[in-house]
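Here the structure comes first, spelled out in structure tokens, and everything after it is commentary.
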Amino acid sequence: MNRTPHVAIVGATGAVGVEMLQTLEKRKFPIGKLTLLASARSLGKKLTFQGKEIEVKELTRNSFSGIDIALFSAGGSISKEYGPLAAQAGCVVIDNSSAFRMDPTVPLVIPEINAADLRQHKGIIANPNCTTAVTLMALYPLHQAFGVKRIFASSYQAVSGTGAKAIEELRRQVAEIVAGEPVTKEVYPHQIAFNVLPQVDSFLPSGYTKEEMKMENEGRKIMHHPTFRASVTCVRVPVYRAHSVAVSADFEKSVSVEAAREVLSRAPGLDIVDTPEKAEYPLPLYVAEKDNCQVGRIRKDCAMDNGLCFWVCGDQLLKGAALNAVQIAEELLKL
Ligand SMILES: NC(=O)c1ccc[n+]([C@@H]2O[C@H](COP(=O)([O-])OP(=O)(O)OC[C@H]3O[C@@H](n4cnc5c(N)ncnc54)[C@H](OP(=O)(O)O)[C@@H]3O)[C@@H](O)[C@H]2O)c1
């Protein structure tokens, strides 16, 4: 890999794409050249990187010649169509969509957990689902210490997880309600302002949604834990940015709050915020725009013998997407 790579962002104008640009800049990623790609709708748009304006180009089948690393965040169908083309052109694809995550030939990586899997890559690397990534930042260190068997969890997912149009939908609906006007809906099937929606993604025959099953499926692959089980209810909430997850985890070994805190205090990319008597616990409002995830409300689960409950929050545009992707790119430079 070129040590000062030519990087492309596919979907540069989107909610994740814009964060990729800022994350590359903030972390001083050693970029040789940056190419910004989006749809024909964005032709002529300019985005600022390191104080300079860069023009957005239209994604085409020929976009990838000379590019070393392509960060994809333009949706699953674009990844399926252009990801393999980019890999054939010799570039390493880091894909934010779900298109390749469960492909056995594609590493699915959270660098703090399974960076070593990157060595197996064949041109495409997958970034995990955002809710799964935030949860595993706290669950994996506990798993290493106590051996997780299963979890029961509910998520509280921000609208930015659905993309730029959903951020706009929440803003618009709040303004409409304040102005006493009828509420208009485009992105979600129901009003999201002042409401919560117990549906993220489409339903499977089992009654779970696709999003809910990602925790078990992707969790097994990332943690190298084929018997891990997860029963999850994913809920969309009127929060702009950062996902929260309430987790009850059942472990092989007995777990105390003190031992769990000791393990979590050493976990990379994670801060403990847990002084309930002072009303201090992780809040999406304050985790937004932070790189580290936060864990709190750590307590013994009263309904399981070896159970622990916790509440974990993380900026899903960062650890659930852009930051994790850039961390993967940083790891690639070390291979
Ligand atoms: N949002 C999150 O928190 C999050 C977290 C993890 C993973 N992801 C994944 O990341 C991907 C992007 O999500 P997002 O939230 O950033 O969505 P978004 O805000 O809707 O942005 C979509 C991006 O894709 C581009 N695009 C759409 N159609 C295109 C086409 N035909 N050719 C080229 N570019 C096209 C858009 O360009 P235009 O502006 O030109 O339309 C825009 O830059 C999705 O696969 C999503 O599942 C998102």
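No experiment lies behind these values; they were computed from the predicted model shown.
- Remark: Arg241 engages Glu19 in a salt bridge, criterion side-chain N to carboxylate O under 4.0 Å.
- Under a cut-off of 6.0 angstrom, the local environment of CG in Asn2 is crowded, with over 12 non-hydrogen atoms contributed by other residues, nucleotides or ligands.
- Distance CD/Gln327 to CZ/Phe29: 12.0 Å, rounded to 0.5 Å.
- Contact detail for Cys91 and Phe64: the closest heavy-atom pair is SG-CD2, 4.4 Å.
- Both the sub-6.0 Å distance and the 45° axial angle are satisfied by Arg171 relative to the ring of Tyr240.
- Scanning all heavy atoms of the two residues, the minimum distance from Gln316 to Gly161 falls at NE2-N, 3.2 Å.
- Of the possible polar contacts, one joining the Asn306 side chain to the Glu252 backbone as a donor-acceptor pair under 3.5 Å is found.
- The distance from atom CD1 of Ile69 to atom CD1 of Ile328, rounded to the nearest 0.5 Å, is 10.5 Å.
- No hydrogens or angles considered: a donor-acceptor pair under 3.5 Å links the side chains of Thr131 and Gln157.
- Under a cut-off of 6.0 angstrom, the local environment of NZ in Lys149 is crowded, with over 12 non-hydrogen atoms contributed by other residues, nucleotides or ligands.
- For Arg101 (side chain) and Asn217 (main-chain N/O), no donor-acceptor pair under 3.5 Å exists by modelled atom type.
- Looking at every heavy atom in both residues, Glu331 comes nearest to Pro111 through CG-CB, 4.2 Å.
- Taking both residues in full, the closest heavy atoms of Val93 and Phe72 are given as CG1-CD1, 3.6 Å, listed atom of the first, atom of the second, then distance.
- In this structure, Ser98 OG and Leu108 CG are separated by 11.0 Å, a value rounded to the nearest 0.5 Å.
- With 3.5 Å as the limit, one finds no donor-acceptor pair spanning the side chains of Thr60 and Tyr82.
- The neighbour count for Lys300 NZ, taken as heavy atoms of other residues, nucleotides or ligands under 6.0 Å away, is above 12.
- A donor-acceptor contact closer than 3.5 angstrom is absent between the side chains of His243 and Asp315.
- Side chains of Asp95 and Ser79: a donor on one and an acceptor on the other come within 3.5 Å.
- To the nearest 0.5 angstrom, Ile222 atom CD1 is 12.0 Å from His143 atom NE2.
- The backbone N or O of Ile192 sits less than 3.5 Å from a side-chain atom of Gln173, completing a donor-acceptor pair.
- A donor-acceptor contact closer than 3.5 angstrom is absent between the side chains of Thr209 and Asp201.
- When all heavy atoms of Ser73 and Gly17 are compared, the closest pair comes out as OG-N, 3.6 Å.
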May I have the step-by-step check of side chain to side chain contact (heavy atoms under 4.5 Å, CB included) for Met304 and Phe152, ending in yes or no? CA-CA 11 Å; Met304 283 190 271; Phe152 302 92; 4.2 Å; yes
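- In terms of heavy atoms, Pro282 sits closest to Trp311 at O-NE1, 2.8 Å.
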Please assess Arg172 against Thr184 for the test side chain to side chain donor-acceptor pair (under 3.5 Å), listing each intermediate value before the final yes or no. CA-CA 8 Å; Arg172 194 190 60 244; Thr184 54; 2.8 Å; yes
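- A salt bridge does not link Glu53 with Lys45: none of the charged nitrogens is closer than 4.0 Å to a carboxylate oxygen.
- A salt bridge is absent between Lys290 and Asp271; no separation between the charged side-chain nitrogens and carboxylate oxygens falls under 4.0 Å.
- For the pair Lys26 and Asp291, the salt-bridge criterion is met [side-chain N within less than 4.0 Å of a carboxylate O].
- With hydrogens and angles disregarded, a donor-acceptor distance shorter than 3.5 Å links the side chain of Arg220 to the backbone of Pro226.
- A side-chain donor from one of Tyr188 and Thr162 sits under 3.5 Å from a side-chain acceptor of the other.
- There is a path of hydrophobic side-chain contacts, each under 4.5 Å, that joins Phe310 to Leu270.
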Using the rule given for salt bridge (charged side-chain N to carboxylate O under 4.0 Å, His left out), can you reason through Glu186 versus Lys165, listing the C-alpha separation, both sets of side-chain angles and the distance that settles it, and then say yes or no? CA-CA 9 Å; Glu186 283 171 24; Lys165 283 190 181 142; over 6 Å; no
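- Taken together through direct or relayed side-chain contacts under 4.5 Å among Ile, Leu, Val, Met, Phe, Trp and Tyr, Val10 and Val92 form parts of separate hydrophobic clusters.
- The distance from the CG atom of Leu59 to the OG atom of Ser42 is 11.0 Å, given to the nearest 0.5 Å.
- With hydrogens and angles disregarded, no donor-acceptor distance shorter than 3.5 Å links the side chain of Glu181 to the backbone of Glu176.
- Side-chain atoms of Asn195 come within 3.5 Å of backbone N or O of Gln191 as a donor-acceptor pair.
- Between the side chains of His6 and Thr35, at least one donor N or O lies within less than 3.5 Å of an accepting N or O.
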Kindly indicate, with the supporting measurements, whether the criterion side chain to side chain contact (heavy atoms under 4.5 Å, CB included) is fulfilled by Met223 and Leu136. CA-CA 8 Å; Met223 295 194 288; Leu136 293 190; 4.0 Å; yes
Could you go through Tyr281 and Thr275, starting from their C-alpha distance and side-chain angles, then the distance that decides it, and tell me whether this counts as side chain to side chain donor-acceptor pair (under 3.5 Å)? CA-CA 7 Å; Tyr281 24 71; Thr275 322; over 6 Å; no
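- Interatomic distance, Thr105 OG1 to Ile124 CD1, rounded to the nearest 0.5 Å: 7.5 Å.
- For the 3.5 Å distance criterion, the side chains of Glu211 and Asn129 qualify, holding a donor opposite an acceptor.
- Of the options Arg297, Gln294, Arg299, Arg261, a side chain to side chain donor-acceptor pair (under 3.5 Å) to Asp274 is made by Arg261 and by none of the others.
- Note on Val312 and Val273: separate hydrophobic clusters, where clusters join Ile, Leu, Val, Met, Phe, Trp and Tyr whose side-chain heavy atoms are under 4.5 Å apart, directly or indirectly.
- Ile298 and Val255 fall within the same hydrophobic cluster, where Ile, Leu, Val, Met, Phe, Trp and Tyr residues are linked whenever their side-chain heavy atoms come under 4.5 Å apart, directly or through other members.
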Step-by-step side chain to side chain contact (heavy atoms under 4.5 Å, CB included) determination, Val7 to Ile67: CA-CA 6 Å; Val7 176; Ile67 288 172; over 6 Å; no
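- The backbone N or O of Glu169 sits nowhere less than 3.5 Å from a side-chain atom of Lys185 that would complete a donor-acceptor pair.
- Of the N and O atoms on the side chains of Glu58 and Ser39, not one donor lies less than 3.5 Å from an acceptor on the other residue.
- Both Leu118 and Ile94 belong to a common hydrophobic cluster when Ile, Leu, Val, Met, Phe, Trp and Tyr are linked at side-chain heavy-atom distances under 4.5 angstrom.
- A salt bridge links Glu262 with Arg266; the closest basic N to acidic carboxylate O contact falls under 4.0 Å.
- Looking only at side-chain heavy atoms (C-beta outward), Tyr208 and Val232 stay at 4.5 Å or farther from each other.
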Between His121 and Val106, is the side chain to side chain contact (heavy atoms under 4.5 Å, CB included) condition met? List the steps. CA-CA 6 Å; His121 88 78; Val106 172; over 6 Å; no
